[in-house]
Amino acid sequence: MPTQPPRATQSRLMLLLLLGAACLVAPLCAAAVAFHAGRRGRPSRHRRRWAFLVGGVSVVGFLVPHLFADSVQYLYFEVLKPRPIAVTPYELLVVNLGTGLVFSVGAVGCYVVASEIRRPDTTSP
């Protein structure tokens with residue numbers, strides 16, 4: 001009968017998976033924001049600032065499930081899904097990756113809203 005790896009090993013493995021996902025998603029989000037800001041004619045200073053901010057929020061979003069594991073698990077398994085029939089090992093991985101993706105999409109969404117609000121007025125003479 002195979003033995004379960006120690007909880008510390010599982011935690012480190014989950015952290016590595018989350019950091020790997022963050023290394024893939026954060027640069028994509030930052031590049032999308034920089035590309036969009038460049039097409040809108042924003043100064044390079046604003047492009048870099050927004051790209052770093054969105055990329056940073058994306059990385060932090062992937063670290064949140066590791067740093068606040070008990071809270072995220074409680075929220076999902078007790079509040080959103082109160083009576084699980086069976087919890088698979090992959091379900092926790094999907095919840096953690098989903099949390100990071102929600103943060104990433106939220107950061108890009110905040111950028112889009114902020115860029116639309118701060119759009120220069122082109123209708124005045």
Side-chain angles (χ1 to χ4, degrees):
M1 186 167 137
T3 61
Q4 290 283 341
R7 186 159 171 83
T9 303
Q10 290 176 344
S11 179
R12 274 188 240 126
L13 181 61
M14 183 65 73
L15 177 62
L16 288 175
L17 288 170
L18 291 172
L19 286 175
C23 288
L24 293 174
V25 174
L28 291 175
C29 292
V33 166
F35 179 74
H36 183 264
R39 287 188 54 122
R40 298 207 23 135
R42 300 285 185 215
S44 64
R45 179 182 58 163
H46 295 295
R47 271 189 300 226
R48 283 192 308 266
R49 185 178 300 153
W50 272 108
F52 281 125
L53 181 66
V54 168
V57 168
S58 181
V59 169
V60 168
F62 279 97
L63 291 177
V64 163
H66 182 73
L67 298 174
F68 301 103
D70 294 335
S71 299
V72 171
Q73 290 175 11
Y74 173 79
L75 177 67
Y76 180 72
F77 292 115
E78 299 292 330
V79 176
L80 298 177
K81 186 181 174 187
R83 284 174 265 147
I85 295 170
V87 177
T88 66
Y90 297 110
E91 192 170 8
L92 182 59
L93 176 63
V94 170
V95 168
N96 289 346
L97 290 175
T99 302
L101 288 174
V102 165
F103 269 82
S104 299
V105 169
V108 172
C110 287
Y111 160 74
V112 169
V113 168
S115 69
E116 290 297 319
I117 288 174
R118 296 172 45 125
R119 182 185 339 182
D121 186 21
T122 56
T123 59
S124 62

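The figures here come from the full heavy-atom set of this structure, side chains too, leaving out hydrogens, waters and symmetry mates. Bear in mind the structure is a predicted one, so any value in this text is a computation, not a measurement.
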With a 4.5 Å limit on heavy-atom distance, are the side chains of His36 and Trp50 in contact?
no

Let me confirm one number: the CZ-CZ distance from Arg40 to Phe35, rounded to the nearest 0.5 Å.
13.0 Å

Here the gap from His66 atom NE2 to Leu17 atom CG, rounded to the nearest 0.5 Å, amounts to 11.5 Å

Check whether any side-chain heavy atom of Leu63 sits under 4.5 Å from a side-chain heavy atom of Leu15, and report yes or no.
yes

Answer with yes or no whether the hydrophobic clustering places Val59 together with Leu67; edges join I, L, V, M, F, W, Y residues whose side-chain heavy atoms lie under 4.5 Å apart.
yes

Looking at every heavy atom in both Ala37 and Arg47, which two are closest together, and how far apart are they?
CB-CG, 3.2 Å

Evaluate the side-chain proximity of Val108 to Val54: yes if any heavy-atom separation is below 4.5 Å, no if none is.
yes

Please give me the minimum heavy-atom distance between Pro65 and Val72, naming the atom from each residue.
CA-CG2, 4.0 Å

One should read off an interatomic distance between Cys23 SG and Leu28 CG, to the nearest 0.5 angstrom, of 11.5 Å

So which heavy atom on Ala51 is nearest to which on Ala34, and how close?
CB-CB, 4.2 Å

Do you reckon Phe68 sits in the same ILVMFWY cluster as Val60, going by side-chain contacts under 4.5 Å, direct or chained?
yes

Quick check on the hydrophobic clustering: are Leu53 and Val112 connected, directly or via other members, by side-chain heavy-atom contacts under 4.5 Å?
yes

Do you know the tightest heavy-atom contact between Leu97 and Leu18?
CD2-CD2, 3.9 Å

Compare every heavy atom of Ser58 with every heavy atom of Ala26, then report the nearest pair and how far apart it is.
CA-OG, 3.6 Å

Which of Val25, Thr99, Leu19 passes side-chain contact (heavy atoms from CB on, under 4.5 Å) with Phe62? It is Val25

